[in-house]
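Quick caveat, the model's predicted, so the values are computed rather than measured.
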Amino acid sequence: MRLARLLVAPIAIAGAGAFAATPGPPPGLEPCAEPAGVRDARCGVLPVPENRARRDGRTIPLRVLVLPAQASDPEPDPVFILAGGPGQAASDLVSGTRVSHARILERRDVVFVDQRGTGASNPLRCLTGVPGSVEPWLGAAPRPREIRRCRQRLAARADLARYTTPVAADDLDAVRSALRYERINLDGGSYGTRVALVYMRRHPERVRSAVLRGVLPTGAHPPLVFPRAAQRALDAVFDACDADVECAAAYPALRRRFGELLERFERGPVTVELPRRGLQPPRELALTGEAFVTQLHLMLYPTTLLGRIPYLLDQCHRGNYDPFVELALELGRSILDQIHDGVQFTVMCTEDLPGLRAREIRRAAAGTFLAAARLERWKRYCRGWPRAPLPDDYHEPVRSAAPTLVISGARDPSTPPELAAAVVRQLAGARHVVLDHAAHITHAECLDELVARFIERGVAEGLDAGCAETIVAPRFLLPSAADPPHRGERR
């Protein structure tokens, strides 16, 4: 969701010390030009130093959007929404949050801060969202020279080393202080959980509670985690299909035929005709094995898509790549249009990849469907990318006494429950809820209610999470006589 024009109302930076909550909308904000479906939002811009070690240096704007509590006497502690990616703007989540947090909004403000380098907070993007560019949407890897050009282009207007997670956490606290909130509740998903954890370590006295969905700890290295997590998620789909009478009958020996499909790609790319919708004129593209498995990994993220995986793989095995390509384009547009690659590269090149050896990555990917070559390529992309030193304890487990609700999907292809379990052991007031049939981050009415009750109570102990058992796996999509004819493959 793209926000309409932000009213540039600079927020007065509050001085040091604690502030008592004040009734009504936070200070320094003005009504927004109406975001879609949201009529009561208030917006502003907080200037912050790009490099806090140089107060006389460049300042950058942080876009802030607040959905005010509906009550005339709201609770003093708002909920801060922390986006994923890395590289997604929190403002992209406004419309969905307006619905999912309806009960919370009765009594609390909900705050969105576009992380520096995203949204309207000095956005850093140059590879994603390029008009007319289709290859990135289908998982094609950028060339090293494209990364160099991207870096040079962005470095002309940003100190790229200053867009890390610890800096973003300090930005959040600057906004908290400027809006005169004494304490806040954090609600982060995926990479947003890392921001939350870092904030909990750097500003522990300001955290009333935290909700972490699909945990990505500071000590986790995605190139080492993703392959096994993705393979387990896919194996769970195969197992569920084998156990389902109709699915097993429609797609027999699916695991074996998937292996045959991968062997086919090892012989070379498949030429596919891209859908006509949105592309003028129609065109052909070589779908590589690397792009294929990259897109399959992304398709395992939404719980709602798990039931379509057997059908898509079956069609590909039959030579009909149309359904797969159409979904890949849809997902690719949705994801890449929201990612600011400058932030993503800074976070990965500073926090995730230094110190990793190529053989470690190859070992992690061995026996999985994900391509080690793509994961190794990220290390090459990082050559020359600016990096600032991280705090000495950055990769150490975060310890906190703040009440924390942790939600994981058992079929998560990127942030599996064991990552969250390791985090929970260091959080004195944590409760870990594992959704047996869910993937990366699942939204359901019962989870919205669970989160609302947790934030309302401000304590995880004794929280009734029984509704998690009502979240079931989606039904499998079965072949239909109405399936359109396919364009086929050519080599």
Side-chain angles (χ1 to χ4, degrees), residues 1-15 18-48 59-83 88-123 168 170-188 192 195-196 199 206 208 211 338 448 451-452 455-456:
M1 197 277 304
R2 292 293 176 211
L3 286 176
R5 178 183 61 90
L6 174 72
L7 292 180
V8 183
I11 303 170
I13 301 180
F19 290 87
T22 56
L29 301 178
E30 299 292 341
C32 297
E34 184 180 327
V38 182
R39 292 186 171 83
D40 54 353
R42 302 179 73 85
C43 296
V45 169
L46 176 66
V48 295
T59 61
I60 59 174
L62 295 181
R63 172 163 64 174
V64 181
L65 184 148
V66 177
L67 298 179
Q70 298 166 3
S72 58
D73 57 338
E75 298 293 339
D77 43 275
V79 176
F80 272 54
I81 303 297
L82 309 179
Q88 183 185 30
S91 56
D92 283 332
L93 306 177
V94 172
S95 290
T97 302
R98 187 71 179 85
V99 175
S100 63
H101 288 52
R103 179 173 161 182
I104 292 172
L105 279 163
E106 293 174 5
R107 299 289 304 163
R108 284 180 168 82
D109 297 345
V110 177
V111 181
F112 305 80
V113 181
D114 281 351
Q115 183 172 331
R116 58 168 61 197
T118 75
S121 298
N122 196 33
D170 290 346
D171 285 344
L172 284 180
D173 200 59
V175 172
R176 177 208 59 76
S177 178
L179 297 182
R180 300 184 182 180
Y181 295 120
E182 176 72 18
R183 293 196 301 165
I184 63 176
N185 304 279
L186 304 170
D187 188 345
V195 179
Y199 185 91
R206 301 302 183 184
R208 176 182 177 269
V211 179
Q338 296 183 54
D448 297 341
V451 170
I455 292 178
E456 182 179 287

Student: Quickly, which of Leu93, Asp448, Asp187 forms a side chain to side chain contact (heavy atoms under 4.5 Å, CB included) with His101? Name it, please.
Tutor: Asp187

Student: Taking salt bridge (Lys or Arg N to Asp or Glu O under 4.0 Å) as the test, write out the residues that go with Arg208, two or more places apart.
Tutor: Asp77

Student: So, the side chain of Arg108 versus the backbone of Ala69: is there a donor-acceptor pair under 3.5 Å, distance only?
Tutor: no

Student: If I compare all heavy atoms of Arg107 with all of Ala71, which pair ends up nearest, and what's the gap?
Tutor: NH1-CB, 3.4 Å

Student: Kindly compute the distance separating CG (Leu186) from CD1 (Ile455), expressed to the nearest 0.5 Å.
Tutor: 9.5 Å

Student: Output the distance between atom CG (Leu62) and atom OG (Ser121), rounded to the nearest 0.5 Å.
Tutor: 5.0 Å

Student: Side chains of Gln338 and Gln88: donor-acceptor distance under 3.5 Å anywhere?
Tutor: yes

Student: For the pair Asn185 (side chain) and Pro78 (backbone), establish whether a donor and an acceptor sit closer than 3.5 Å, ignoring hydrogens and angles.
Tutor: yes

Student: Sequence neighbours excluded, which residues qualify as side chain to side chain donor-acceptor pair (under 3.5 Å) partners of Asp170?
Tutor: Arg202, His203

Student: Checking the side chain of Arg42 only, and the main-chain atoms of Leu29 only, is there a donor and an acceptor separated by less than 3.5 Å?
Tutor: yes

Student: Going from CD1 on Ile60 to CG on Leu46, what distance comes out if it is rounded to the nearest 0.5 angstrom?
Tutor: 10.0 Å

Student: Would you please name every residue forming a salt bridge (Lys or Arg N to Asp or Glu O under 4.0 Å) with Glu456, sequence neighbours left out?
Tutor: Arg103

Student: Between CG of Leu172 and CZ of Arg116, what distance do you get to the nearest 0.5 Å?
Tutor: 10.5 Å

Student: Side chain of Ser177, backbone of Ala174: donor and acceptor closer than 3.5 Å?
Tutor: no

